[in-house]
Amino acid sequence: STKLSHTQTTLLLYNIQKYISTSKLMGIKMVWNSGGAHALVLSGYSADGKVTLVDPAANAGIERYSYSSLVAGTTIQSGSGRYTKTWTLD
């Protein structure tokens, strides 16, 4: 059976890469600078420290972002904020 798990914090890039390499789904929570939050799917990574995000917001899509900028705070297609939480399906 499939189990949804979450962490109260971000995961290290190494752990994200390890998890995605097993072809499992992973989601993240972005907390917006203006208030509120948004869920995104992490679907890949690259050797240069970027992760591929699938953004379900209208007129958004699939883009690559620096892991460190997501943790520190950055602007993605649907808003500005930072990565604060992780969900995995096991």
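Bear in mind that the values here come from a model prediction, so they are computed numbers and not experimental data. Just so it is clear, the values below take in all heavy atoms, side chains as well, and ignore hydrogens, waters and symmetry mates.
Note that OH of Y19 is 11.0 Å distant from CG of L42, once rounded to the nearest 0.5 Å. Annotation: the span from L40 atom CG to I28 atom CD1 amounts to 5.0 Å, rounded to 0.5 Å. With values rounded to the nearest 0.5 angstrom, I20 atom CD1 is found 11.0 Å from N15 atom CG.
Partners of R64 according to the salt bridge (charged side-chain N to carboxylate O under 4.0 Å, His left out) rule, which considers only residues two or more places apart in sequence or in another chain, are D48. Shown here are the side-chain hydrogen bond (donor to acceptor under 3.5 Å, both in side chains) partners of S66, two or more places apart in sequence or in another chain: S68. Partners of T74 by side-chain hydrogen bond (donor to acceptor under 3.5 Å, both in side chains), not counting sequence neighbours: none found. Taking the side chain to side chain contact (heavy atoms under 4.5 Å, CB included) definition, one finds that N33 meets it with S80, sequence neighbours left out. Qualifying side chain to side chain contact (heavy atoms under 4.5 Å, CB included) partners for V54, counting only residues two or more places apart in sequence or in other chains: V41, S43, I62.
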Could you walk me through whether L53 and L70 pass side chain to side chain contact (heavy atoms under 4.5 Å, CB included), step by step? CA-CA 11 Å; L53 289 181; L70 289 172; 4.0 Å; yes
Begin with the C-alpha distance, continue with both residues' side-chain angles, and end with the deciding distance and a verdict on side chain to side chain contact (heavy atoms under 4.5 Å, CB included) for T88 and K24. CA-CA 8 Å; T88 57; K24 295 181 181 177; over 6 Å; no
Quick one, M30 with T84, criterion side chain to side chain contact (heavy atoms under 4.5 Å, CB included). Give me CA distance, side-chain angles, the key distance, then yes/no. CA-CA 6 Å; M30 291 280 290; T84 61; over 6 Å; no
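Although no hydrogens or angles enter the test, the distance criterion places no donor-acceptor pair under 3.5 Å between the side chain of E63 and the main chain of T52.
Linking ILVMFWY side-chain heavy atoms closer than 4.5 Å, directly or via other members, places L13 and L11 in a single hydrophobic cluster. Linking Ile, Leu, Val, Met, Phe, Trp and Tyr residues whenever their side-chain heavy atoms come within less than 4.5 Å leaves I76 and V31 in two separate clusters.
Here salt bridge (Lys or Arg N to Asp or Glu O under 4.0 Å) pairs that include residues 71-81, with residues two or more places apart or in two chains, number zero. Within the structure, salt bridge (Lys or Arg N to Asp or Glu O under 4.0 Å) pairs that include any residue of residues 9-23 do not occur (at least two apart or interchain). Among pairs with a residue in residues 34-77, those fulfilling ring-ring contact (aromatic ring centres under 6.0 Å, His included) read W32-H38, at least two apart in sequence or across chains. Within the structure, the salt bridge (Lys or Arg N to Asp or Glu O under 4.0 Å) test picks out no pair touching residues 28-45 (sequence neighbours left out). Applying the salt bridge (Lys or Arg N to Asp or Glu O under 4.0 Å) test to every pair with at least one member in residues 49-59, sequence neighbours left out, gives no pairs at all.
Residues T10 and K85 are not in side-chain contact: their nearest non-hydrogen atoms beyond the backbone lie 4.5 Å or more apart.
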